[in-house]
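Comments concern the structure below.
Predicted model only: the values in this text are computed from it and were never measured. Side chains are part of it too, since the values below use all heavy atoms of this structure and drop only hydrogens, waters and symmetry mates.
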Amino acid sequence: FYVTLPATQLEVTIQQSVNAGAKTSITVKARDTNGDIARSYPEKIRFTVGSGYPNGNGPEYRHGSPDSSYTSEEGWLPADYQFTLSDKGEKTFYTTAIDSEAVKLVMSGQRTIIVTDKDAGAGSITGSTTTIVNFGAPSKLRIVLPGQVRAPGMAYGLNLNNSPDGKYAGDEVALSVDACDAFWNT
């Protein structure tokens, strides 16, 4: 075992930029008040991502969350992870391992990944990092009717909770056509 100060923060690192849909690795280090690695950190962490969608409703979900089936347009974050003493306060989640340890971001733009200590009171031990997710080459078209909301990284590229505005037969309809990558980014 190691005698260290308790962890007060989590340091999170990922590549500066990734391509939408490409699995990437991420590293989490538990640090004490002096900035040293807290080698005896034994807690459970959870990954979330600032998505722009309310209440963490995608487009990346925690691996192993209640609905663990993913469409090809959706991404994921590592499952909750319990640090062990053999981790010595740091853990890299690799892409070559099982999917539950990889990060697959699908919505383009600047993204913030947040890691929270689930065992700390009110999530008082956290860390975050940002990365740029690059969109891919256009590969499909999305038709957006008035009242519909674009939703990159979600199935069909639309927020299915929003219905098109009501129209009558013979009404003119202004629609938009987007050239999108495989994950509905424009």
Side-chain angles (χ1 to χ4, degrees), residues 1-134 151-155 183:
F1 75 97
Y2 298 92
V3 177
T4 61
L5 292 172
T8 58
Q9 63 185 3
L10 297 171
E11 177 186 302
V12 185
T13 55
I14 193 170
Q15 293 175 281
Q16 285 186 324
S17 70
V18 297
N19 293 325
K23 291 191 288 184
T24 187
S25 59
I26 189 166
T27 300
V28 179
K29 294 179 183 177
R31 300 249 180 216
D32 64 21
T33 56
N34 296 325
D36 297 323
I37 294 177
R39 295 188 181 278
S40 58
Y41 181 71
E43 308 302 337
K44 183 179 274 190
I45 59 170
R46 171 165 286 175
F47 292 84
T48 54
V49 64
S51 65
Y53 297 123
N55 303 319
N57 291 325
E60 293 90 10
Y61 299 94
R62 194 174 63 261
H63 204 280
S65 56
D67 179 16
S68 292
S69 59
Y70 303 95
T71 67
S72 61
E73 292 100 354
E74 293 174 322
W76 61 79
L77 300 167
D80 289 354
Y81 180 75
Q82 179 74 50
F83 270 81
T84 65
L85 290 177
S86 64
D87 291 323
K88 301 177 187 170
E90 60 184 292
K91 169 74 176 162
T92 298
F93 299 84
Y94 292 103
T95 60
T96 55
I98 55 175
D99 283 343
S100 66
E101 287 200 357
V103 174
K104 179 184 172 191
L105 299 173
V106 293
M107 190 170 82
S108 65
Q110 181 172 312
R111 308 298 303 286
T112 301
I113 299 172
I114 303 122
V115 180
T116 305
D117 181 330
K118 285 188 61 180
D119 299 325
S124 60
I125 301 175
T126 62
S128 65
T129 189
T130 58
T131 187
I132 302 295
V133 179
N134 304 307
M154 302 295 280
F183 305 99

Gap between atom OG1 of Thr27 and atom CG of Leu10 - 0.5 Å precision = 12.5 Å
Straight-line distance of Ser40 OG to Leu85 CG, nearest 0.5 Å = 7.0 Å
inquiry  = Is there a side-chain contact between Tyr41 and Arg39 in this structure, where contact means two heavy atoms from C-beta onward sitting under 4.5 Å apart?
reply    = no
key: 4.5 Å side-chain heavy-atom contact, Phe83 and Val28   = yes
query = Is there side-chain contact between Leu5 and Thr33, with at least one heavy-atom pair below 4.5 Å?
reply = yes
key: Thr116 vs Ile125 side-chain heavy atoms within contact, under 4.5 Å   = no
Side chain to side chain, Ser128 and Ile114, heavy atoms closer than 4.5 Å = yes
task = Report the residues that fulfil side-chain hydrogen bond (donor to acceptor under 3.5 Å, both in side chains) with Asp80, sequence neighbours left out, ordered by chain and then residue number.
result = Arg46, Arg62, Lys118
inquiry  = If you define the side chain from C-beta out and look only at heavy atoms, does anything of Pro6 sit under 4.5 Å from Asp32?
reply    = no
query = Backbone N or O of Ile113 within a donor-acceptor pair of the Thr129 side chain at under 3.5 Å?
reply = no
ask   = With sequence neighbours left out, what residues match Thr24 under side-chain hydrogen bond (donor to acceptor under 3.5 Å, both in side chains)?
value = Gln15
remark   = Closest non-hydrogen contact found for Val133 with Arg111 is CG2-CG, 3.5 Å
query = About how many Å separate CG of Leu77 and CG of Leu105, when rounded to the nearest 0.5 Å?
reply = 6.5 Å
query = Side chain of Asn34, backbone of Asp36: donor and acceptor closer than 3.5 Å?
reply = no
query = Considering residues at least two apart in sequence or located in another chain, which fulfil the side-chain hydrogen bond (donor to acceptor under 3.5 Å, both in side chains) criterion with Gln9?
reply = none
task = Taking the six-membered ring for Trp and the single ring otherwise, decide whether the centroids of Phe47 and Phe93 are under 6.0 Å apart.
result = yes
key: Asn19 side-chain N/O to Ala22 backbone N/O, donor-acceptor pair under 3.5 Å   = no
ask   = Out of curiosity, Ile14 CD1 to Ser25 OG, how far, rounded to the nearest 0.5 Å?
value = 7.5 Å
ask   = Any side-chain heavy atom of Lys23 within less than 4.5 Å of one from Tyr94?
value = no
query = CD1/Ile37 to CG/Asp87 distance, rounded to the nearest 0.5 angstrom?
reply = 11.5 Å
message = Could you check whether any side-chain heavy atom of Tyr81 comes within less than 4.5 Å of a side-chain heavy atom of Lys91, counting everything from C-beta outward?
response = yes
ask   = Taking atom NZ of Lys29 and atom CD of Glu11, what is their separation to the nearest 0.5 Å?
value = 5.5 Å
